[in-house]
Amino acid sequence: MARKQNQVIVEFIELYRSEPCLWQVKSEEYHDRTKKDVAYSKLVKTLEELEPGATKKSVLRKINSLRSAYRNEKKKVGVSKKSGASTDSIYKQVLWYYDLLEFLQDQDTPRTRK
């Protein structure tokens, strides 16, 4: 079961990555609701393999969950590097899909205050 679940999540993340209208804020497509609805419907079909009866709301929850876990791991790595720890004791991410979400790295940078 876990292998199939991981495989579906990998497919889900790859499909999410292939739809920049959902995650690339600076893209023109990001503001196109029609394209976003089509992309969400594709993600719903993929998520239905794990969660029968999946909806757009459950897709949004799954995306938020994946992104939150990614941000938390990224923060732990950053804090570990800033602490001056030796290369042996730097925190190494344990999130198995961390590398799959690397495309979000520049999307999650906070805005600077003016």
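The model shown is predicted, which means the values in this text are computed figures rather than measured ones. The figures here come from the full heavy-atom set of this structure, side chains too, leaving out hydrogens, waters and symmetry mates.
Applying the side chain to side chain contact (heavy atoms under 4.5 Å, CB included) test to Ser68 and every residue at least two apart in sequence or in another chain returns Asn64, Arg71. Residues satisfying the side chain to side chain contact (heavy atoms under 4.5 Å, CB included) test with Gln93, not counting sequence neighbours, are Glu73, Val77, Tyr98, Asp99. Residues meeting the salt bridge (Lys or Arg N to Asp or Glu O under 4.0 Å) test with Glu51, sequence neighbours left out: none. Legend: residues meeting side chain to side chain contact (heavy atoms under 4.5 Å, CB included) with Thr55, ordered by chain and number and at least two apart, are Lys57, Ser58. Annotation: side chain to side chain contact (heavy atoms under 4.5 Å, CB included) contacts of Asn72 (sequence neighbours excluded): none. Contacts of Thr34 classified as side chain to side chain donor-acceptor pair (under 3.5 Å), with partners at least two apart in sequence or in another chain: none. For Lys56, the salt bridge (Lys or Arg N to Asp or Glu O under 4.0 Å) partners are Asp37, not counting sequence neighbours. Evaluation of the salt bridge (Lys or Arg N to Asp or Glu O under 4.0 Å) rule for Lys35 yields Glu29 as partners, not counting sequence neighbours.
Taking OG of Ser80 as the start and NZ of Lys92 as the end, the distance is 8.0 Å to the nearest 0.5 Å. Within the model, atoms CD1 of Ile13 and CG of Leu101 stand 4.5 Å from one another, a figure rounded to the nearest 0.5 Å. Between the CD1 atom in Ile9 and the CG atom in Leu100 there is a gap of 10.5 Å [rounded to 0.5 Å]. Distance check: Leu104 CG to Gln24 CD gives 10.0 Å after rounding to the nearest 0.5 Å.
Between Tyr91 and Val79 the shortest side-chain heavy-atom distance does not fall below 4.5 Å. Between Glu49 and Lys4 there is a side-chain heavy-atom pair separated by less than 4.5 Å. Residues Trp96 and Val10 have side chains in contact (heavy-atom distance under 4.5 Å, counting atoms from C-beta outward).
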Can Val59 and Phe12 be said to form a side-chain contact (heavy atoms from CB on, under 4.5 Å), step by step?
CA-CA 10 Å; Val59 164; Phe12 184 85; 4.0 Å; yes
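In the hydrophobic cluster analysis, where Ile, Leu, Val, Met, Phe, Trp and Tyr join through side-chain heavy atoms closer than 4.5 angstrom, Trp23 is grouped apart from Val38.
Tyr30 shares a hydrophobic cluster with Val25; the chain of contacts runs through ILVMFWY side chains whose heavy atoms sit under 4.5 Å apart.
Annotation for Ala39 and Leu22: closest pair CB-CD1, 3.7 Å, computed over non-hydrogen atoms.
The stretch residues 10-20 participates, sequence neighbours left out, in these side-chain hydrogen bond (donor to acceptor under 3.5 Å, both in side chains) pairs: Tyr16-Arg67, Glu19-Lys42.
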